[in-house]
Asks: 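This is the structure I want to talk about, given as structure tokens.
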Amino acid sequence: MKRSTVKELLRATEKDKQVLLKGWVRTRRGNNQLAFIAVNDGTIIHNIQVVADLASFSEEEMKRVTTGSSISVIGTLVESMGKGQNVEIQAKEIEVLGDSDPEVYPLQKKGHSFEFLREIAHLRFRTNTFGAVFRIRHALAYAIHKYYNDKGFFYLHTPIVTASDAEGAGAMFRVSTLDPKNPPLSKEGEVDYSQDFFGRPTNLTVSGQLEGELGALALSSIYTFGPTFRAENSNTPRHVAEFWMIEPEMAFYDITDNMDLAEDFLKYLIQYTLEHCMDDLEFLNKMVDKGLLERLNFVQKQPFERKSYTEAVEILKKSDKKFEFPVKWGLDLQAEHERYLVEEHYKRPVILTDYPRDIKAFYMKQNDDGKTVRAMDVLFPTIGEIIGGSQREEELDKLQNRMKEMNIPEDELWWYLETRKFGTVEHSGFGLGFERLIMFITGMSNIRDVIPFPRTPGHAEF
RNA sequence: UCCUCAGUAGCUCAGUUGGUUAGAGCGGCGGACUGUUAAUCCGUAGGUCGUAGGUUCAAGUCCUACCUGAGGAGCCA
């Protein structure tokens, strides 16, 4: 007999049919005549109830049906006689596939703290919350590819190992095969990386953007979707050392086209999840974040507010709110400022543009005022900046001047500069942190709980 | 990295101004119960109080250092 998943069984229209089920025991209840076994196989958040008449099963075998054990059940799918579920399986045969010693199995029927579950990240997939989160994570990954594929974008694989650390997006992890105890030294006593695997110092990538631009300036529209790495000693619920980022890059797009794409993209992803993951979202809305569905629907429907950095600073100055950090043109906005704009002033997502050039990266398109650049940040409720992007500087001399001012060596980025030398065009792009997106869509408040095996300072266990 | 808070049973926590043998709920185990829904009821085992020093007649409780975790900040996505 072919195995049916819990998802298939719960949605089956045909009843009183012989079925084969395999899964893990979540809970077991009962009396001296009947056992009610809640079985989950991860295909859907709900369990299916298996009913076993104890008279027809050996006591030995039933004793092994404990929380966490895996079982195979043959029985009849019937309408449930009890309340609480529509269908259940009247078991004819139950086989324990894998025992689970209840003395030591760490998951119990009651809820656990996320902190505790993080310590058993290898087993936390078996909980309702993490099942929901990782099913949604999958759905979003698929939706991202679908969105860009349908729009004619090409998925470009930018390198994980890179030689340049010119972007300055953060501290990097060194990649080396040299013997750390006895590295080759130059005459000056420095480590001689010319003898290293790549013949030069290399690192894990902090962003695929610069390579992404190379692709866009030939293929028109590309996107990257892959892991990135930051060796920052950040200890916050919003930072991990290894995270996934989506970076679209589009030739012939100006900053407005860029904003339009970012807004449409985010709304599409929310809509996709609402359409395909409602079971999981309803669970999270009930158990994790009571305002989740309302917030998702709201963001999905509202137009994002678009304002310049300068206008935002004026609003913050005029507000009665007392901020811990000063508001002054030229200073970067703090988390408290962004939160005020989104959650209290506009009460909707906000896109801020035209930031002072001194607080932004070298590659951003310089405005004619000589003070600002065509940057855009998308700010979301609860999580703050979810997208950062810009129109890129396509004029060679302006780009070179800016690099000089910021002490970025030209010879390391000669290949980047050549795209401005040969057939340069207006282009734009942005970066979306995948985990930050998942946090927003699931209502989870710690980034370590939306990535299967989080990498943070001091933590690489699993 | 800085600031704040926390660390007591497998899990979640209580433990009074320092004062006898350290408590509960859940989970586990044993039993009862004719359809349970985080089942219920009865019983039972389970703890070097994060680690190391110190103060004191006496420390889970006070002090110091360290370790671990969480939250806030910075960096950012």
Side-chain angles (χ1 to χ4, degrees), chain A residues 26-38 46-55 63 66-68 78-86 88 90 100-120 127-128 167-171 205-209 226-247 287 323-325 332-336 338-339 359-361 377-380 383-389 430-440 445-451 456-459:
Chain A
R26 278 293 177 79
T27 68
R28 184 179 160 183
R29 296 177 292 269
N31 51 45
N32 56 355
Q33 295 209 336
L34 293 167
F36 300 96
I37 309 160
H46 307 296
N47 303 325
I48 191 159
Q49 174 161 288
V50 173
V51 184
D53 186 346
L54 294 177
K63 250 192 138 133
T66 60
T67 303
V78 296
E79 276 188 38
S80 179
M81 289 162 67
K83 289 171 187 165
Q85 60 278 318
N86 294 324
E88 64 191 17
Q90 288 288 348
S100 172
D101 183 353
E103 295 265 17
V104 289
Y105 185 63
L107 293 172
Q108 46 182 64
K109 303 175 191 179
K110 262 204 167 174
H112 291 86
S113 69
F114 292 147
E115 288 83 3
F116 171 69
L117 291 172
R118 237 170 264 154
E119 293 169 12
I120 49 165
T127 65
N128 288 330
E167 213 213 329
T205 183
V206 294
S207 161
Q209 182 201 311
T228 49
F229 307 86
R230 306 277 165 93
E232 302 284 355
N233 190 9
S234 298
N235 292 288
T236 87
R238 295 175 306 283
H239 292 84
V240 275
E242 177 183 302
F243 63 99
W244 286 61
M245 197 151 56
I246 301 102
E247 295 178 289
M287 303 302 287
F323 296 112
E324 194 185 335
F325 290 90
D332 207 354
L333 299 180
Q334 301 293 321
E336 56 171 349
E338 297 179 347
R339 243 177 276 132
I359 58 172
K360 290 289 180 185
D377 285 359
V378 181
L379 311 179
F380 258 32
I383 58 164
E385 183 185 334
I386 191 167
I387 277 181
F430 60 82
L432 169 68
F434 190 42
E435 284 74 19
R436 298 252 175 108
L437 171 76
I438 300 168
M439 286 172 76
F440 180 76
S445 53
N446 193 311
I447 197 167
R448 288 169 274 222
D449 298 327
V450 299
I451 186 165
T456 51
H459 291 277

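The figures here come from the full heavy-atom set of this structure, side chains too, leaving out hydrogens, waters and symmetry mates. Numbers restart at 1 for each chain; the letters A, B, ... are given by sequence-line order, proteins then strands.
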Asks: Over all strands shown, is A:I386 touching base, sugar-phosphate only, or nothing at heavy-atom distances under 4.0 angstrom?
Replies: sugar-phosphate

Asks: Donor-acceptor check, side chain of A:R230 to backbone of A:V206, threshold 3.5 angstrom: yes or no?
Replies: yes

Asks: Using Watson-Crick or G-U wobble geometry with both distances below 3.5 Å, tell me the partner of B:C62, or none.
Replies: B:G54

Asks: Within the structure, does a side-chain N or O atom of A:R118 lie under 4.0 Å from either OP1 or OP2 of B:U68?
Replies: no

Asks: Can you tell me if A:R238 touches the phosphate of B:A73, counting only side-chain N or O atoms and a distance under 4.0 Å to OP1 or OP2?
Replies: yes

Asks: Whole angstrom is fine here: how far is it from CZ in A:F434 over to P in B:C76?
Replies: 24 Å

Asks: Below 4.0 angstrom from OP1 or OP2 of B:G71, is there any side-chain N or O of A:R448?
Replies: yes

Asks: Any side-chain N or O of A:S234 below 4.0 angstrom from OP1/OP2 of B:C75?
Replies: no

Asks: How close or far is atom P of B:A9 from atom NE2 of A:H112, stated in whole angstroms?
Replies: 14 Å

Asks: Let me know, please, whether A:S445 or A:A241 comes out on the 5' side of the other along RNA chain B by nearest nucleotide.
Replies: A:S445

Asks: Which nucleotide, B:C75, B:C11, B:A70, lies nearest any side-chain atom of A:F116?
Replies: B:C11

Asks: So, does A:E336 use its side chain to make a donor-acceptor pair with the main chain of A:F325 at under 3.5 Å?
Replies: yes

Asks: Could you go over nucleotides 44-52 of chain B and give all protein N or O partners under 3.5 Å, atom names and distances?
Replies:
none

Asks: Considering all heavy atoms of both residues, which atom of A:L107 and which atom of A:L117 are nearest to each other, and what is their separation?
Replies: CD2-CD2, 3.6 Å

Asks: Tell me the interatomic distance from A:F114, atom CZ, to B:A70, atom C1', rounded to whole angstroms.
Replies: 14 Å

Asks: Both distances below 3.5 Å, Watson-Crick or wobble geometry, any strand: find the nucleotide opposite B:U21.
Replies: none

Asks: Sugar-phosphate means primed atoms, P, OP1 and OP2; the rest is base. With that split, encode nucleotides 28-36 of chain B 5' to 3' as B, S or - using protein heavy atoms under 4.0 Å.
Replies: SSS--BBBB

Asks: Start at the 5' end of RNA chain B and walk down; is the nucleotide closest to A:L432 or to A:N235 reached first?
Replies: A:N235

Asks: Is the side chain of A:T228 donor-acceptor paired with the backbone N or O of A:T205 at a distance under 3.5 Å, no angle test?
Replies: no

Asks: Taking only the side-chain heavy atoms of A:N446 (C-beta and beyond), determine which of B:A73, B:C11, B:G71 contains the nearest atom.
Replies: B:G71

Asks: Keeping the roles fixed (side chain from A:S100, backbone from A:T67), state whether a donor-acceptor pair exists under 3.5 Å.
Replies: yes

Asks: Where is the tightest heavy-atom contact between A:S445 and A:P237, given as atom of each residue plus distance?
Replies: O-CB, 3.6 Å

Asks: Starting from P on B:A38, measure out to CG on A:L107 and report it in whole angstrom.
Replies: 18 Å

Asks: Using a 3.5 Å distance criterion without hydrogens, assess whether the side chain of A:E88 forms a donor-acceptor pair with backbone atoms of A:Q49.
Replies: no

Asks: Do side-chain atoms of A:E232 reach the backbone of A:A171 as a donor and acceptor pair under 3.5 angstrom?
Replies: yes

